[in-house]
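Below is one structure; the comments refer to it alone.
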Amino acid sequence: MEEIMNIVCLDMEGVLVPEIWIAFAEKTGIPEFKKTTRDEPDYDKLMKYRIDLLKQHGLGLKEVQDVIAEIDPMDGAKEFLDELRSITQVIILSDTFEQFATPLMKKLNWPTIFCNTLEVNGNEITGYQMRVQDSKRTTVKALQSIGFETIASGDSFNDLGMIQESKAGFLFKSTDAIKAAHPEIPAYETYDELLAAIKRAL
């Protein structure tokens, strides 16, 4: 019997680590930064909004990185990821940026991450480069095109593409609105539940 080669694709923020921009909003006392992909499905629009907001308040890369340095993975995330990586291949698919993700990947024992990159001038974040459009769905389809089966999990609007394209997909710690809009996608709240569901799908 032919062996199936699986790759599990996980979102980062909201699944393994707290939302960076929510932590930044709390640290700076600027509530407008709390808007995330759970609230705004159009990522391009969301990032332009954030960059404009940073500019208005005279904030830049260093200020965001200082907040990220204080963020720890969610309780149980590293153990969940360690166990998952011991049984199958895992890739973190995130719309975040390498300048933000690196310290968090260190705390998670350096899993593979595919993300984007910021355009920076001095300390000012001037723009960003997406690896590809609709990157999570595109990456999952590319992995399938080279012989992998994918299993995906995330919490936000921008994760739905990779979840729907995969042979199995799960919402994790998602919002009531997203769960109500997609009752066909199993939704879990704990790492034990998610790990069990992934193991069943492998």
Side-chain angles (χ1 to χ4, degrees), residues 7-26 31 33-47 49-50 64 67-68 71-85 88 90-97 100-101 104-105 107-108 111-116 130-131 134-141 143 150-201:
I7 289 191
V8 175
C9 299
L10 298 174
D11 178 36
M12 182 181 82
E13 290 179 70
V15 173
L16 298 169
V17 302
E19 295 278 352
I20 289 168
W21 291 99
I22 290 177
F24 190 66
E26 286 165 358
F33 280 116
K34 283 192 175 174
K35 190 184 277 192
T36 72
T37 50
R38 291 173 166 213
D39 314 300
E40 174 53 73
D42 185 332
Y43 192 73
D44 200 46
K45 193 169 154 187
L46 181 62
M47 273 311 297
Y49 165 83
R50 288 167 170 166
V64 183
V67 172
I68 292 169
I71 294 175
D72 285 321
M74 287 152 66
D75 282 348
K78 185 179 178 296
E79 293 76 9
F80 160 76
L81 202 51
D82 285 347
E83 183 164 352
L84 193 55
R85 290 168 73 195
T88 189
V90 180
I91 298 177
I92 314 294
L93 297 185
S94 176
D95 280 337
T96 193
F97 306 94
F100 292 174
L104 296 167
M105 292 303 97
K107 290 178 181 180
L108 287 168
T112 299
I113 183 168
F114 292 176
C115 60
N116 305 302
M130 302 297 278
R131 197 165 39 79
D134 196 7
S135 65
K136 297 184 183 190
R137 183 197 303 267
T138 305
T139 302
V140 155
K141 291 184 84 162
L143 289 167
T150 59
I151 298 165
S153 184
D155 69 320
S156 295
F157 284 108
N158 65 335
D159 299 312
L160 293 172
M162 70 172 179
I163 288 170
Q164 289 161 340
E165 290 290 343
S166 293
K167 75 165 180 180
F170 313 106
L171 289 168
F172 186 68
K173 296 184 183 291
S174 192
T175 64
D176 289 340
I178 294 173
K179 286 189 279 196
H182 295 277
E184 77 284 1
I185 303 175
Y188 300 110
E189 295 299 318
T190 71
Y191 290 117
D192 286 347
E193 290 173 328
L194 182 58
L195 187 63
I198 292 170
K199 284 178 175 177
R200 285 194 297 272

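Looking only at distances, no side-chain donor or acceptor of Lys78 sits under 3.5 Å from a matching main-chain atom of Leu108. Using modelled atom types, one side-chain atom of Arg50 and one backbone atom of Lys35 make a donor-acceptor pair closer than 3.5 Å. Remark: the backbone N or O of Gly161 is not paired with any side-chain donor or acceptor of Glu165 at under 3.5 angstrom. Thr112 contributes no side-chain N or O that, together with a main-chain N or O of Ile91, makes up a donor-acceptor pair within less than 3.5 Å. The backbone N or O of Asp95 lies less than 3.5 Å from a partner atom in the side chain of Asn116, making a donor-acceptor pair.
Here Asp159 contributes atom CG and Leu93 contributes atom CG; the two are 9.0 Å apart, rounded to the nearest 0.5 Å. The CG atom of Asp75 lies 13.0 Å from the OG1 atom of Thr190; values are rounded to the nearest 0.5 Å. Between Ile185 atom CD1 and Gln164 atom CD the span is 5.0 Å, to the nearest 0.5 Å. Note that CD1 of Ile198 and CG of Leu194 are 4.0 Å apart. Values are rounded to the nearest 0.5 Å. Distance check: Ile68 CD1 to Lys107 NZ gives 10.0 Å after rounding to the nearest 0.5 Å. Residue Leu16 holds its CG atom at 9.5 Å from OG of Ser94, rounded to the nearest 0.5 Å.
One finds a salt bridge joining Glu83 and Lys199 here, because a Lys/Arg side-chain nitrogen approaches an Asp/Glu carboxylate oxygen to under 4.0 Å.
For the residue pair Lys136 and Asn158, the shortest heavy atom distance occurs at CD-O, 3.3 Å. Closest of all the heavy-atom pairs between Leu46 and Thr36 is CD2-C, 3.6 Å. The two residues Ser174 and Arg38 come nearest to each other via the heavy atoms CA-NH2, 4.2 Å. Taking every heavy atom of both residues into account, Asp155 and Gly14 meet most closely at OD2-CA, 3.7 Å. A pairwise comparison of heavy atoms in Phe170 and Ile151 identifies CE1-CG2, 3.8 Å as the closest pair. Pro186 and Gly169 make their closest contact through CD-O, 3.5 Å (heavy atoms, listed as atom of the first residue, atom of the second, distance).
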Go through the steps to decide whether Ile113 and Leu104 satisfy the test side chain to side chain contact (heavy atoms under 4.5 Å, CB included), and finish with yes or no.
-> CA-CA 11 Å; Ile113 183 168; Leu104 296 167; over 6 Å; no
Check the pair Leu195, Leu84 against side chain to side chain contact (heavy atoms under 4.5 Å, CB included), reporting the backbone distance first and the verdict last.
-> CA-CA 7 Å; Leu195 187 63; Leu84 193 55; 3.9 Å; yes
Any chance you could lay out the side chain to side chain contact (heavy atoms under 4.5 Å, CB included) test for Met130 and Tyr43, step after step, and finish with the verdict?
-> CA-CA 10 Å; Met130 302 297 278; Tyr43 192 73; 3.5 Å; yes
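The aromatic rings of Trp21 and Phe100 sit perpendicular to each other, their planes meeting at more than 60°, with 30° as the lower class boundary.
For the pair Thr150 and Met162, the minimum side-chain heavy-atom distance is 4.5 Å or more. Counting heavy atoms from C-beta on, the side chains of Glu13 and Thr37 never come closer than 4.5 Å. Phe97 has its side chain out of reach of Val64: every pair of non-hydrogen atoms, C-beta onward, lies at least 4.5 Å apart. Looking at heavy atoms from C-beta onward, Lys173 lies in side-chain contact with Met74 at the 4.5 angstrom threshold.
Residues Tyr191 and Phe172 place their aromatic rings such that the two centres sit under 6.0 Å apart.
Partner of Cys9 under the side chain to side chain contact (heavy atoms under 4.5 Å, CB included) criterion, chosen from Leu143, Ile92, Ile163, Val90: Leu143.
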